[in-house]
K.L.:
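What follows is a single structure, and I will ask about it in a moment.
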Amino acid sequence: MTTFRSDFLRLVTERGYLHQCTDLDALDAKAATETVVAYIGFDCTAPSLHAGSLLPIMILRALQKTGHKPIVLMGGGTTRVGDPSGKDESRKLLSDADIAANMAGIKQVFARFLTFGDGPTDAVMVNNADWLDKLNYIDFLRDYGPHFTINRMMTFDSVKLRLEREQPLTFLEFNYMILQAYDFLELSRRVGCHMQMGGSDQWGNIVNGVELGRRVDNRQLFGLTSPLLTTASGAKMGKTAGGAVWLNADRLSPYDYWQYWRNCEDGDVGRFLKLFTELPLDEIARLEALPGVEINEAKKVLATEATALLHGAEAAAQAAETARVTFEEGALADTLPTVEVPAADLAAGIPAFDLIRRAGLAQSGGEARRLIKGGGGKLNDAPFGSETQAVTTADLNADGVLKLSAGKKRHVLVKPA
C-alpha cells in the first residue's frame, strides 16, 4: 500500500473510501501542505437522501476531520436536467416547487456530519442554480462547447451503457455531464475549490471538469471517486425489501435505521464498520473476527455507532434498548415505531394485507399478501390466518395497540386515532 504524507489520503485509503484519483501524488503533496477545498454534488430528486448517499457524506466528513474544507453542492439546477448515470431510462422531470421542497428535506442531514460556518475548514453549502439558471445558452455553447467532443462523451459509462442496452438517451440528459463540469469550474473560480469527489459512476463527469479547468483557466484540479457499494450478496446499498433506507427521521425512524445496520450480512460487518463508523481500525479488526453467532454483537455495535452519527447518541441508545427488550425479553417496547389508523376504519375491520401496507411493512398490497402467505406477517406475534383477515378493535392488546410484524426483525405498533 502506498504511504501517503497527507492525513486525508491516509484515512480514506485505510478505511476503503478511495477508488480512483486523477493525480494521487500531486493531491497528496497538496493535502499535506495546504487546505484542500473539495465538493460533492447532491441532486434534489427526493425529499430525503438514503443510505446509498452515506459514503460520499462520510468522505466529506473525513475531509473536514483531516483539516480541509468541504463544500456541499445542492443540485437545484442540474436536478432540472437529470443525471443519466446508472439509469436505463430518463429520470422524472420535477417542477421547481418539487425541487425546492426536496432540497429543504435533504439539507437537514448534513449538519449531523459536518460543521458549517465561516472558518477556513468549515463546511459551506451552495446551490448550482445560482449560476446555471443565469446561463445564456448561445454564449455558453460558444465558450465551453468546443472543449467537449461527442467522440469522448460517447465513451463515458453514463452514455455508453444506456446505448448498449438500446435505451434512449435524450439530448437534455446528454447535457448533464457538461453542466457538471461547468459546476466544477464555477466552484474553482468562486470559492477556490480544488477537487470534486463522488461515486465511481461519476468518474467520466469528474474528469471532464478537471480537464475543463485546465483548458479554460489553466487550473490544476483533482478528481477522486469512491467505490460503488453493494452488499455481500450483491444487493444495492440503501435498499431493502421494505423500500429505501431514508436518512431523514420523518421518513424512517431511528429504530428502523438501527435495524437496517443490525440486519446486515455477516460478510459486510467489517467493511461497514470501516466505512460508516469512526471506531479505531484495531477495534474493527477485533469485532469482525468474532466467531459464529458472536458476530451479532459486532452488528449491534455497527448499528449503534452508525445510528449515533446520524440521529445522535441518545436515539441510538434508545433504538438498541428497544431491540433488546423486543427480541431478548420478548416484551413490547413502547418506543417501537408507531403508526396511527382511523379508529372508524379499525372498528369496521381492516384487511390484514392493507394494514401491513399502511404500517409501512410492505410497499404494496401485493407485497403484503405475499408476506402473509409466506408466514412472515404477524399480528400480536401470531401469524395471520389469511391475507384478507379482518383486523378490528377487538384485536387491540391491553395497552390499546396492535403489534404488527414482518418477519422476526421488523415491528410496528398500530393504534387507533
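Below, all heavy atoms of this structure are taken into account, side chains as well, without hydrogens, waters or symmetry copies.
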K.L.:
Checking D143 now: which residues fulfil side chain to side chain donor-acceptor pair (under 3.5 Å) with it, not counting sequence neighbours?
P.N.:
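Checked D143 against side chain to side chain donor-acceptor pair (under 3.5 Å); zero matches.
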
K.L.:
Judged by atom type as modelled, is there a donor-acceptor pair below 3.5 Å linking the side chain of N296 to the main-chain atoms of V293?
P.N.:
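Yes, N296 side chain to V293 backbone: donor-acceptor pair under 3.5 Å.
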
K.L.:
To the closest 0.5 Å, what do you measure between CH2 (W261) and CG (D268)?
P.N.:
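Here the rounded value is 9.5 Å.
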
K.L.:
Mind running side chain to side chain contact (heavy atoms under 4.5 Å, CB included) on H411 and Q259 for me, showing each step along the way?
P.N.:
CA-CA 10 Å; H411 307 281; Q259 282 292 339; over 6 Å; no

K.L.:
Does D7 come within less than 4.0 Å of K65, counting only side-chain N to carboxylate O?
P.N.:
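Salt bridge: no.
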
K.L.:
Between the side chains of R286 and E283, is the shortest nitrogen-to-carboxylate-oxygen separation below 4.0 Å, so that they form an ion pair?
P.N.:
yes

K.L.:
Can you name the side chain to side chain contact (heavy atoms under 4.5 Å, CB included) partners of R369, sequence neighbours left out?
P.N.:
F353, E387, T388

K.L.:
Nearest 0.5 Å please: distance from the CD atom of E305 over to the CG atom of L279.
P.N.:
4.0 Å

K.L.:
Which pair of heavy atoms, one from Q64 and one from T121, lies closest together, and at what distance?
P.N.:
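Nearest pair, atom of Q64 first, then T121: NE2-O, 2.8 Å.
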
K.L.:
Using every non-hydrogen atom in the two residues, find where R251 and P47 come nearest and quote the distance to one decimal.
P.N.:
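Heavy-atom minimum between the residues: NH1-CG, 3.6 Å.
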
K.L.:
Do the charged groups of D139 and R142 touch, with an N to O distance under 4.0 Å?
P.N.:
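A salt bridge is absent here (no side-chain N lies under 4.0 Å from a carboxylate O).
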
K.L.:
For H311, check ring pair (Phe, Tyr, Trp, His ring centres under 6.0 Å) against everything at least two apart and list the hits.
P.N.:
Y257

K.L.:
I'd like to know if E367 pairs up with R370 as an ion pair, taking the criterion as any Lys NZ or Arg NE/NH1/NH2 lying under 4.0 Å from an Asp or Glu carboxylate oxygen.
P.N.:
no

K.L.:
Please identify each residue that fulfils side chain to side chain donor-acceptor pair (under 3.5 Å) with N127, with sequence neighbours left out.
P.N.:
none

K.L.:
For R358 and V414: C-alpha separation, side-chain torsions, deciding distance, then whether side chain to side chain contact (heavy atoms under 4.5 Å, CB included) applies.
P.N.:
CA-CA 10 Å; R358 292 195 200 188; V414 177; over 6 Å; no

K.L.:
Spell out, as yes or no, whether a donor-acceptor pair under 3.5 Å connects the side chain of R5 to the backbone of A29.
P.N.:
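Looks like no, no N/O pair under 3.5 Å.
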
K.L.:
Nearest 0.5 Å please: distance from the OG1 atom of T22 over to the CD atom of Q220.
P.N.:
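T22 OG1 to Q220 CD: 8.0 Å, rounded to 0.5 Å.
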
K.L.:
T79: which residues meet the side chain to side chain contact (heavy atoms under 4.5 Å, CB included) condition with it, sequence neighbours left out?
P.N.:
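Side chain to side chain contact (heavy atoms under 4.5 Å, CB included) check on T79 returns D43, C44, T45, L94, I99.
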
K.L.:
Under the side-chain contact (heavy atoms from CB on, under 4.5 Å) test against T13, which residue among L24, L18, T3 passes?
P.N.:
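Only match with T13 under side-chain contact (heavy atoms from CB on, under 4.5 Å): L18.
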
K.L.:
When rounded to the nearest 0.5 angstrom, what distance separates CZ in R219 from CZ in R214?
P.N.:
14.0 Å

K.L.:
Check the pair T277, R15 against side chain to side chain contact (heavy atoms under 4.5 Å, CB included), reporting the backbone distance first and the verdict last.
P.N.:
CA-CA 10 Å; T277 81; R15 300 194 81 98; 4.1 Å; yes

K.L.:
Is it true that Q202 and Q196 share a donor-acceptor pair across their side chains at a distance under 3.5 Å?
P.N.:
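Side chains of Q196 and Q202: no pair found under 3.5 Å.
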
K.L.:
Which pair of non-hydrogen atoms, one from A368 and one from I356, has the smallest distance, and what is that distance?
P.N.:
CB-CG2, 3.6 Å

K.L.:
What I'd like to find out is whether the side chain of L55 reaches to under 4.5 Å of the side chain of M237, using heavy atoms alone.
P.N.:
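No, too far: nothing below the 4.5 Å cut-off.
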
K.L.:
Is the shortest side-chain heavy-atom distance between W131 and L179 below 4.5 Å?
P.N.:
no

K.L.:
Does K378 have any side chain to side chain donor-acceptor pair (under 3.5 Å) partners at least two apart in sequence or in another chain, and if so, which?
P.N.:
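Side chain to side chain donor-acceptor pair (under 3.5 Å) list for K378, sorted by chain: empty.
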
K.L.:
Test side chain to side chain contact (heavy atoms under 4.5 Å, CB included) on L355 and L402 and set out the steps.
P.N.:
CA-CA 11 Å; L355 189 60; L402 305 168; 4.0 Å; yes

K.L.:
Test of understanding: with side chain to side chain contact (heavy atoms under 4.5 Å, CB included), list the residues that count as partners of T304, not counting sequence neighbours.
P.N.:
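Side chain to side chain contact (heavy atoms under 4.5 Å, CB included) list for T304, sorted by chain: W258, A316, A320.
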
K.L.:
To the nearest 0.5 Å, what is the distance between CG on L221 and OG on S188?
P.N.:
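If we round to the nearest 0.5 Å, L221:CG and S188:OG are 5.0 Å apart.
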
K.L.:
Using distance only, find each side-chain donor-acceptor pair of residues 225-235 under 3.5 Å and give its atom names and separation, not counting sequence neighbours.
P.N.:
from, atom 1, to, atom 2, distance (Å)
T225, OG1, Q20, N, 3.3
T231, OG1, S233, OG, 3.3
T231, OG1, A235, N, 3.1
T231, OG1, E265, OE2, 3.2
S233, OG, E265, OE2, 2.6

K.L.:
Is there side-chain contact between R80 and L132, with at least one heavy-atom pair below 4.5 Å?
P.N.:
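No. Closest side-chain heavy atoms not under 4.5 Å.
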
K.L.:
Any salt bridge (charged side-chain N to carboxylate O under 4.0 Å, His left out) involving residues 19-36? Give me the pairs, sequence neighbours left out, ordered by first then second residue.
P.N.:
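Those involving residues 19-36 are K30-E34.
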
K.L.:
Not counting sequence neighbours, list each pair that qualifies as a ring pair (Phe, Tyr, Trp, His ring centres under 6.0 Å) and has a residue in residues 22-43.
P.N.:
Y39-F184, F42-F110

K.L.:
Can you confirm whether I106 sits close enough to M103 that some side-chain heavy atom of one is under 4.5 Å from a side-chain heavy atom of the other?
P.N.:
no

K.L.:
Looking only at non-hydrogen atoms, find the nearest pair between V37 and G192 and report the distance.
P.N.:
CB-O, 3.7 Å

K.L.:
Just by distance, do the side chain of N205 and the backbone of M177 share a donor-acceptor pair under 3.5 Å?
P.N.:
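No; judged by distance alone, with no hydrogens or angles, the pair does not exist.
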
K.L.:
Is the side chain of K69 donor-acceptor paired with the backbone N or O of D122 at a distance under 3.5 Å, no angle test?
P.N.:
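Checking the backbone N and O of D122 against the side chain of K69, a donor-acceptor pair under 3.5 Å is found.
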
K.L.:
Evaluate the side-chain proximity of L9 to L224: yes if any heavy-atom separation is below 4.5 Å, no if none is.
P.N.:
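Yes, close enough: below the 4.5 Å cut-off.
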
K.L.:
Contact between Y182 and L135 at the side-chain level, heavy atoms closer than 4.5 Å - yes or no?
P.N.:
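Contact flag for Y182/L135 side chains = yes.
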
K.L.:
Considering all heavy atoms of both residues, which atom of N128 and which atom of L73 are nearest to each other, and what is their separation?
P.N.:
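The pair with the smallest heavy-atom distance is N-CD1, 3.7 Å.
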
K.L.:
Just wondering, do V126 and E186 contact through their side chains at under 4.5 Å, heavy atoms?
P.N.:
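Side-chain contact under 4.5 Å: no.
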
K.L.:
Please table the atom pairs, donor to acceptor, closer than 3.5 Å between any side-chain atom in residues 112-119 and protein atoms at least two apart or in another chain.
P.N.:
from, atom 1, to, atom 2, distance (Å)
R112, NE, L310, O, 3.0

K.L.:
How long is the straight-line distance from CG of L185 back to CZ of R190, given to the nearest 0.5 Å?
P.N.:
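R190 CZ to L185 CG: 10.5 Å, rounded to 0.5 Å.
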
K.L.:
If only atom types and distance count, is the side chain of K274 paired as donor or acceptor with the main-chain N or O of L281 below 3.5 Å?
P.N.:
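The answer is no, because no donor-acceptor pair under 3.5 Å joins these two groups.
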
K.L.:
Quick check against the 3.5 Å criterion: does R215 have a side-chain atom that pairs as donor or acceptor with the backbone of H147?
P.N.:
yes

K.L.:
Is the ring pair F276/F272 parallel, tilted or perpendicular, if the boundaries are 30 and 60 degrees?
P.N.:
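Geometry flag for F272 against F276: perpendicular rings.
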
K.L.:
Looking only at heavy atoms, which two atoms of L287 and I295 are closest? And how far apart?
P.N.:
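Smallest heavy-atom distance, with atoms named: O-CD1, 3.7 Å.
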
K.L.:
K415: what forms a side chain to side chain donor-acceptor pair (under 3.5 Å) with it, not counting sequence neighbours?
P.N.:
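Partners of K415 by the side chain to side chain donor-acceptor pair (under 3.5 Å) criterion come out as none, since no residue qualifies.
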
K.L.:
Please tell me if the side chains of I57 and V72 come closer than 4.5 Å, counting only heavy atoms from C-beta onward.
P.N.:
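Answer no - side chains too far apart.
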
